[in-house]
Amino acid sequence: MKIEMEKLISHLKSMGFVFQGSEIYGGLANSWDYGPLGAELKNNLKQLWWDFFIKKNPYNIGLDSSIIMNPKVWEASGHIGNFNDPLLDCKECNSRWRADKLIEEKFIDLNVGGWQDSELEEFINEKKITCPKCNKTNFTNIRKFALMFKTNQGVVEDASSTVYLRPETAQGIFVQYKNAQRTLRKQLPFGIGQIGKSFRNEITPGNFIFRTREFEQMELEFFFAPNDTKDWFEYWLDQVQDFLTNVIGIKKENYILREHDKEELAHYSSRTVDIEFKFPFGVGELWGIANRGDFDLSQHQKTSGQDLTYLDPITNEKYLANVIEPSVGVERLLLAIFCQSYKEEKLDNGERILMQLPFNLAPYKVAILPLQKQQIDKSLEVYELINKTLGYSSTFDEKGNIGKRYRRQDAIGTPFCITIDFETNSDNCVTIRNRDTMEQERISINKIDSYLKNQLS
Ligand code: ATP
């Protein structure tokens with residue numbers, strides 16, 4: 001089913017998943033806050049990534065590096081100087097656009113990632129691409145716009161105190177690569193992953209949480225010897241897809257793999273594949289997997305003057321490790337999950353909105369619903385059992401008629417509802433309802449654990 005973004009956004013706002021940032025002050029362009037349910041869901045997603053890529057992967061270890069780093073880091077990485085967007089202004093209506101996006105939106109099969117500014121300008125003039133606002137073709141030449149947020153550290157505001165908010169988490173990993181390797185006595189191959197905030201002063205943020213100026217990334221830098229014969233790129237491409245389909249339930253038909261051609265590849269990369277999700281507003285990058293060679297380590301070695309080579313314990317050779325980087329944005333992944341889960345269903349007695357979230361992502365796994373006030377004590381007992389003893393995050397709802405309560409739990413993606421009814425006190429049984437099939441079954445309270453385990457397997 002093709003969903004409408006407006007409907008999805010309004011649903012997410014009204015249910016407490018996502019709120020407009022600074023809303024009581026009229027908002028701040030393109031900023032979003034995560035409400036109580038969004039925060040739960042986001043935490044679940046990050047935890048699943050961490051479990052899969054760090055805890056359960058035999059090669060990898062984790063890290064948590066700073067957002068503000070020595071500015072030399074960004075000189076070495078090439079962000080100061082190269083991390084900018086090609087902008088042009090419409091001379092007729094003074095609106096400002098990204099040249100590459102103007103072209104790609106008109107010619108959707110074209111990818112102009114590696115084009116020079118002059119090529120972009122020429123193409124726009126030749127094809128007479130018009131301004132999306134006023135429909136005229138009268139643009140300025142391209143100017144570069146730096147994407148890093150600048151601020152000052154300390155009390156003095158001059159060039160010497162300028163620092164930047166990191167535009168990616170990856171450089172924190174490269175900078176601490178040697179410390180992590182040495183202290184954990186790691187041998188190649190091994191990876192270092194981290195989750196954290198990144199900031200980019202994007203020219204064209206938008207499509208809800210797809211492109212924002214403040215976002216979180218989950219990045220892994222996987223280091224291996226240059227003469228290693230295993231195809232680590234394929235290994236990580238498979239791992240990422242394994243995570244997408246088998247851990248968080250993204251359906252294969254909802255994404256495509258796009259191999260960068262020679263023209264589009266960054267100068268340091270020998271191979272890049274983007275996993276692109278079919279969002280309602282178009283296909284967009286979800287997860288990038290890139291072979292970065294030894295570019296980052298060699299740049300940091302050059303700029304810092306520190307030896308970042310690895311001493312091979314078998315051959316006694318010294319060399320710089322090569323790197324495969326799978327990198328994904330938390331909110332973009334969340335948006336893909338929202339888009340895939342949101343359903344509007346017609347029922348015999350009306351309709352319902354369903355968030356078909358996988359069990360491991362759902363903010364609440366179970367909702368406990370007492371039919372009447374007299375059953376509160378028993379209900380709290382079941383709530384304690386599920387929340388504390390069995391460890392499934394659950395919620396408690398005693399307000400409104402039972403039909404409405406079911407609808408609300410469907411709309412926030414709670415996989416199971418447990419109703420405490422008139423007989424529960426005497427027979428110790430409850431009614432458990434499955435969100436997706438809406439089937440109900442009466443079971444004994446001490447069978448809840450095995451029932452849930454059975455359903456999940
Ligand atoms: P795009 O082409 O969409 O700007 P990118 O190629 O610049 O993305 P990378 O630098 O490879 O993106 O970042 C890795 C991942 O971080 C992306 O695949 C995406 O999931 C996420 N990401 C990047 N920029 C943003 C943003 N402004 N808002 C939300 N997520 C982002």
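Start at 1 and go down the list; that is how both ligands and their atoms are numbered.
- Taking the charged nitrogens against the carboxylate oxygens, Arg258 and Glu264 do have a contact shorter than 4.0 Å, which makes a salt bridge.
- Protein heavy atom in closest approach to atom 28 (N) of ligand 1: Thr212 N, 3.1 Å.
- The ring pair (Phe, Tyr, Trp, His ring centres under 6.0 Å) with Tyr59 is formed by just one residue from the set Phe223, Phe222, Phe190, Trp236; it is Phe222.
- Under a 4.0 Å heavy-atom criterion, Glu285 is in contact with ligand 1.
- Under 4.0 Å is where a charged nitrogen must lie from a carboxylate oxygen, and between Lys42 and Glu331 at least one such pair does.
- Nearest-residue assignment for atom 14 (C) of ligand 1 (options Ala170, Ala290, Ser327; heavy-atom criterion): Ser327.
- Nearest protein heavy-atom contact of atom 19 (C) of ligand 1 is Arg332 NH1, 3.5 Å.
- When the shell of 6.0 Å around CD of Glu345 is examined, it contains more than 12 heavy atoms from other residues, nucleotides or ligands.
- The single protein non-hydrogen atom nearest to atom 22 (N) of ligand 1 is Phe215 CE1, 3.6 Å, given as residue, atom name and distance.
- Remark: minimum distance from atom 29 (C) of ligand 1 to any protein heavy atom is reached at Phe210 O, 3.2 Å.
- The line from CG of Leu361 to CG of Leu48 is 5.5 Å long, rounded to the nearest 0.5 Å.
- Geometrically, ligand 1 and Arg200 share a nitrogen or oxygen pair separated by less than 3.5 Å.
- Of the polar atoms of Val328, none of the N or O atoms is found under 3.5 Å from an N or O of ligand 1, judged by distance alone.
- Annotation: Phe17 is in aromatic contact with Phe338 [ring centroid separation under 6.0 Å].
- Under the 3.5 Å distance criterion, with hydrogens and angles disregarded, a donor-acceptor pair is assigned to the side chains of Gln299 and Lys302.
- When heavy-atom distances to ligand 1 are checked against a 4.0 Å cut-off, Leu333 has no atom that comes that close, whether in backbone or side chain.
- Between the side chains of Thr140 and Asp89, not a single donor N or O lies within less than 3.5 Å of an accepting N or O.
- By the 3.5 Å distance cut-off applied to N or O atoms, Glu202 is counted among the residues near ligand 1.
- Arg211 counts as a contact of ligand 1, since one of its heavy atoms falls under 4.0 Å from the ligand.
- Residue Leu335 forms a side-chain contact (heavy atoms from CB on, under 4.5 Å) with just one option from Val330, Asn207, Ile209, and that option is Ile209.
- Looking at atom 13 (O) of ligand 1, its nearest protein heavy atom turns out to be Gln217 NE2, 3.4 Å.
- Considering backbone and side-chain atoms together, Gly329 places an N or O closer than 3.5 Å to an N or O of ligand 1.
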